[in-house]
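The structure appears right after this line, and notes come after that.
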Amino acid sequence: MEQLEELLAHTDDVNGMLARYGVRFGIYKNQVFREQLFPFDPIPRVIEKEEFAYLEKGLKQRVTALNLFLKDIYSKKQIVKDGVIPEDFIFASSGFLAECDGVMPPKGIYAHISGIDLVKGKDGTWYILEDNLRVPSGASYPLIARSLCRRASPDTFANLKIEDNRDYAALLRRTLDHVSTGGHTVILTPGRYNAAYFEHSYLAEQTGAHLVTGSDLRVVDDKLYFEDAGGRLERGGAVYRRISDDFLDPMTFNPKSLIGIPHLYDVFRRGNVALLNAPGNGVADDKGIYYFVPKMIRYYLGETAILSNAPTYLPFYEEDRRYVLDHFDQLVLKDVAEAGGYGVRFGKDMSPEEKEAFLAALDKEPRRFIA
Amino acid sequence: MKRFHFYYSMREDYSEEVSRCYFTIKCVPRTDARQRIEAMKFAFVPGASWQTGRDAFGNDQLWGVCDTPHTRYEFHTEGQAVTGLADYEEEADGSQLPLFRVPHGLNVPGPSILAYHRNWMEELSQAGSPMAKALLLTHALHRDLVYTPASTTMDTTAEEAMAQGRGVCQDYAHILISLLHLEKIPARYVTGMIPGEGASHAWVEVLQDGRWYGVDPTNDGTAAEDHIRIGVGRDARDCMINRGILFGGGRHTQKVLVRVTELTEASLAREA
């Protein structure tokens with residue numbers, strides 16, 4: 001405990017350094033963008049070795065099944081033919097992108113970097129809260145916090161047995177290189193007004209990838225090029241893109257996107273560039289699909305899910321719909337198409353008017369919600 | 001079998017110079033079970049560097065960039081089409097069928113579509129095959145909708161067109177697809193060319209016994225020998241003929257010209 005107390009004595013120093021390094025995260029509230037410092041509490045949440053190994057195993061299993069699901073959905077769709085998941089949940093989902101149908105990403109990998117949210121129940125059981133497979137962010141924050149803690153109190157880390165996370169950048173780089181089609185590796189950011197801009201720049205620095213915006217990239221013939229500081233065009237082989245599918249390529253997705261790269265998806269379709277994560281992943285992290293992930297694990301891997309979902313109800317099924325109506329005040333309700341905390345409501349916090357509007361929406365589009 | 005000469009051209013004029021434009025064009029008919037395309041030519045003015053490829057629905061597309069500064073851009077394509085080689089196209093492996101069963105984009109039903117469907121539910125239940133149902137709806141729509149040029153836009157939904165009772169070929173096709181989905185019949189949107197239209201045309205294909213058959217609600221009949229197919233998709237947005245991103249350009253106007261002429265024995269002899 002002595003070592004920990006030493007670290008706690010440096011709390012203000014660590015927070016001071018986080019501020020100096022500009023470790024921020026932005027949020028949009030009522031259409032206003034605000035950047036906030038990450039408040040850091042050095043009292044660790046201890047996960048012991050065995051529990052960590054259990055989580056690691058469970059997460060690997062889950063991400064493996066989700067990747068197999070994506071590969072299946074964008075090719076043969078066998079899981080739908082076999083009746084494991086109703087087709088409405090997949091093909092009417094805004095996360096399913098028909099443009100991606102039949103396109104195989106380099107090495108067949110869809111979700112390279114996944115942000116799976118976990119929660120520990122009062123009884124000590126871990127639950128999966130949601131899967132984020134599109135453009136998850138967050139890895140940089142524990143990394144820099146740990147490195148600043150280490151600097152503030154080196155003894156804490158020298159004398160305690162702590163799982164080292166300093167290989168994250170190397171692992172990320174290896175992932176990028178593994179799928180790269182040859183050429184430079186870039187991290188594509190929407191720019192400094194993005195919520196996770198700190199993270200983009202930090203990961204670029206740590207992995208040695210170029211930090212670029214859409215205007216630094218260009219498609220020539222059927223390849224992607226990156227314009228370096230000297231104005232030379234260099235091949236781009238892997239793009240760790242931190243902009244959403246919709247904005248990625250105005251020729252294939254949203255035509256109004258100004259931050260995308262025209263024809264990027266055509267280059268991807270030809271197999272001439274890797275995109276991390278692959279476009280179209282929204283079909284697997286839709287909250288309506290979440291319910292089916294344990295079934296996917298059984299279907300693709302023939303295994304029982306190691307990590308359980310939080311108890312979930314799908315109003316799509318009549319039995320669940322009745323449960324939701326009967327226990328409204330005890331439930332958390334989510335709009336399946338939203339992510340990152342948006343579209344989450346507590347039944348007990350709704351005013352009577354809000355509740356009425358919500359129930360009307362639920363009645364009209366039961367597929368849109370989970371509880 | 002019929003033989004046609006087809007000519008498709010698109011011209012855009014800009015009020016200010018365009019320094020660069022990216023484009024994706026899907027107006028290239030291709031040989032399939034029903035039609036054979038011969039002597040295809042195309043040209044970009046003032047020029048372009050382009051690639052050919054296929055989209056997710058198997059449509060041919062030309063995509064590329066024009067780096068020559070210009071205030072007018074033209075694309076021309078022409079060739080011959082031999083049509084009526086078959087009445088249908090076999091569905092490949094069925095893997096994309098769910099996409100043509102689930103309401104999407106511009107063909108999502110609303111109150112007007114649902115009410116219209118309810119009116120015809122009984123007749124439909126007695127109509128029998130998917131094609132019989134499609135033709136029943138085609139006749140009904142042809143009678144109940146008023147073909148009105150410029151009454152809708154590229155973004156008008158099936159529901160909006162149904163509610164106002166007016167539209168063009170694109171709207172007729174979306175409405176029919178939407179109604180067929182309510183009957184659990186896979187249906188898809190087709191773009192193409194027909195003689196005498198002057199612009200591109202749109203109709204519907206319906207799945208029956210693993211085969212896709214064409215129905216043209218605008219012309220109240222099947223789509224057969226007179227229809228030269230270009231692209232398929234779930235709705236018009238999937239088969240947009242022309243998509244572009246311009247640098248510069250100011251205001252622009254677009255003109256599209258489509259000419260489809262049947263080549264009869266007599267006309268071929270005259271040319272020879």
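Keep in mind it's a predicted model, so treat the numbers as computed, not measured. We name chains A, B, ... by the order of the sequence lines, and we start the count at 1 in each one.
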Distance-only criterion, 3.5 Å: which donor-acceptor pairs connect chain B and chain A?
unit_1: Phe23(B); atom_1: O; unit_2: His263(A); atom_2: NE2; d: 3.2
unit_1: Gln51(B); atom_1: OE1; unit_2: Arg270(A); atom_2: NH1; d: 2.8
unit_1: Thr52(B); atom_1: O; unit_2: Arg270(A); atom_2: NH2; d: 2.3
unit_1: Gln61(B); atom_1: NE2; unit_2: Asp266(A); atom_2: OD1; d: 3.4
unit_1: Gly64(B); atom_1: O; unit_2: His263(A); atom_2: NE2; d: 3.1
unit_1: Gln96(B); atom_1: NE2; unit_2: Asp101(A); atom_2: OD2; d: 2.8
unit_1: Arg101(B); atom_1: NE; unit_2: Glu87(A); atom_2: OE1; d: 3.4
unit_1: Arg101(B); atom_1: NE; unit_2: Glu87(A); atom_2: OE2; d: 2.8
unit_1: Arg101(B); atom_1: NH2; unit_2: Glu87(A); atom_2: OE1; d: 2.8
unit_1: Arg243(B); atom_1: NE; unit_2: Met251(A); atom_2: O; d: 3.3
unit_1: Arg243(B); atom_1: NH2; unit_2: Pro250(A); atom_2: O; d: 3.1
unit_1: Arg243(B); atom_1: NH2; unit_2: Phe253(A); atom_2: O; d: 2.3

Please list, chain by chain and in numerical order, all residues satisfying side chain to side chain contact (heavy atoms under 4.5 Å, CB included) with Tyr116(B), sequence neighbours excluded. Trp120(B), Ala140(B), Leu141(B), Asp144(B), Met162(B), Leu179(B)
At a heavy-atom distance under 4.5 Å, which candidate from Cys100(A), Ala92(A), Ala98(A) has the highest pair count against chain B? Ala98(A)
Phe292(A): ring pair (Phe, Tyr, Trp, His ring centres under 6.0 Å) partners, not counting sequence neighbours: Phe89(A)
What salt bridge (charged side-chain N to carboxylate O under 4.0 Å, His left out) pairs are there with at least one residue in residues 102-117 of chain B, not counting sequence neighbours? none
